[in-house]
Amino acid sequence: MSGLLRFCGLTLDARIPGTGPVGVPAVAVPAAVALLPLARFGHELLRARRVRDRHRVVLDLVGRRSARLRATVLDHDTPAAYCLPGRRPRIVVSAGALRLLSPAQLESVLEHERAHVAGRHHLALAATEAFARVFRWLPLAREARAQTALLLEMAADDRALRRHPREALASALYTMAAGRAPSGAFTVGGPGAVVRLQRVLAARRRPHPALCGLMAAAAVAAPLLPPLLGCAPGLG
């Protein structure tokens, strides 16, 4: 990076923008664009943590801890399961789910929720929420929030499928499609259950390693494009 900056003419003894009236916006505007999403990201993390903390207090009052399931059981007839991620994660399953699901189905559901906790999916969701609130006039920001939530559920499905049969997870999704979760939680059901069910049941082939390598290289190269384009005058 040091060599790249020197190639672009940005050396330590170069004049820093911002000392004149024209240079101040040149520095302030990009800094604001970068700092506002970061500040909103921190705000979303704190807000979601407060919501989860309040819900944990309720769970301690109305739920019962199951050491065998490593989850909190709620006495509710609707089949549902969700997790509260964070520093003190909690997996919650309803009595209705315990009554309707087979042991294989239940284990696949619990593995799905553990995937959310282990993958720290709440951080990705908070990032897209912050991006959507800061740039709310952008259709991309609004769409990213909804699609990220669905993709995180698919990622948890993929982890559950590593240890449990496809039929067990698919039938559990069908049974618990109407399940809901409180704010700040991840649920195995929800609005995207139908799309996920179709995806779980569809026969899929693993992508070729060359394609995976190409996508990884593109992801690494993408952040380097702005500096390279900015250094284009130095190429001469």
Side-chain angles (χ1 to χ4, degrees), residues 1 4-5 8 10 16-55 82-87 89 112-113 115-117 119-158 177-199 214-233:
M1 182 60 70
L4 178 64
L5 294 178
C8 295
L10 300 177
I16 300 176
T19 56
V22 179
V24 172
V27 176
V29 173
V33 171
L35 292 178
L36 283 178
L38 290 177
R40 188 69 199 197
F41 175 64
H43 173 77
E44 290 298 328
L45 288 179
L46 293 176
R47 183 192 63 81
R49 188 173 68 178
R50 287 194 296 265
V51 172
R52 291 193 296 266
D53 289 342
R54 289 195 296 266
H55 191 70
Y82 59 90
C83 72
L84 297 175
R87 293 184 300 176
H112 173 97
E113 300 303 333
H116 284 307
V117 175
R120 299 182 180 274
H121 290 172
H122 64 290
L123 298 180
L125 203 60
T128 55
E129 182 69 24
F131 183 69
R133 290 185 179 273
V134 172
F135 304 103
R136 62 187 65 189
W137 65 88
L138 292 178
L140 173 63
R142 297 191 298 269
E143 191 67 19
R145 176 171 51 185
Q147 295 302 321
T148 299
L150 179 59
L151 290 173
L152 292 175
E153 294 296 336
M154 291 180 178
D157 290 339
D158 290 342
R180 293 293 184 269
S183 176
F186 291 93
T187 177
V188 73
V194 175
V195 177
R196 291 163 48 211
L197 179 60
Q198 295 173 345
R199 179 176 178 269
L214 182 61
M215 295 180 64
V220 173
L224 299 178
L225 289 179
L228 291 177
L229 294 177
C231 291

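All residue numbers in this chain count up from 1 along the given sequence. Quick caveat, the model's predicted, so the values are computed rather than measured.
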Which pair of non-hydrogen atoms, one from [X] and one from [Y], has the smallest distance, and what is that distance?
X	Y	result
Val134	Trp137	O-CZ3, 3.2 Å
Ala130	Pro37	CB-O, 3.9 Å
Ala124	Thr148	O-CG2, 4.3 Å
Ala132	Ala141	CB-O, 3.5 Å
His121	Ala155	CE1-CB, 4.3 Å

Open item on the list: Please enumerate all residues that pass ring pair (Phe, Tyr, Trp, His ring centres under 6.0 Å) together with His112, with sequence neighbours excluded.
Closed with: His116
Open item on the list: Phe131: which residues meet the ring pair (Phe, Tyr, Trp, His ring centres under 6.0 Å) condition with it, sequence neighbours left out?
Closed with: Phe135
Task: Contacts of Ala193 that satisfy side chain to side chain contact (heavy atoms under 4.5 Å, CB included) - sequence neighbours left out - done: Ala177
Task: Non-neighbouring partners of Met215 that pass side chain to side chain contact (heavy atoms under 4.5 Å, CB included), sequence neighbours left out - done: Leu211
Open item on the list: Pair Asp158, Arg199 - check side-chain contact (heavy atoms from CB on, under 4.5 Å), show working.
Closed with: CA-CA 10 Å; Asp158 290 342; Arg199 179 176 178 269; 2.9 Å; yes
Task: Thr128 side chain reached by Gln147 side chain, heavy atoms, under 4.5 Å - done: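 No. Closest side-chain heavy atoms not under 4.5 Å.
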Open item on the list: Within the 4.5 Å heavy-atom criterion, are His122 and Arg49 side-chain neighbours or not?
Closed with: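 A side-chain contact under 4.5 Å is absent here.
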Open item on the list: Quick test of your reading: applying salt bridge (charged side-chain N to carboxylate O under 4.0 Å, His left out), list the pairs with at least one residue in residues 36-46, sequence neighbours left out, ordered by first then second residue.
Closed with: Arg40-Glu44, Glu44-Arg47, Glu44-Arg133
- [ ] With sequence neighbours excluded, give me every salt bridge (charged side-chain N to carboxylate O under 4.0 Å, His left out) pair touching residues 134-147.
- [x]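 Sorted pair list: Glu129-Arg145.
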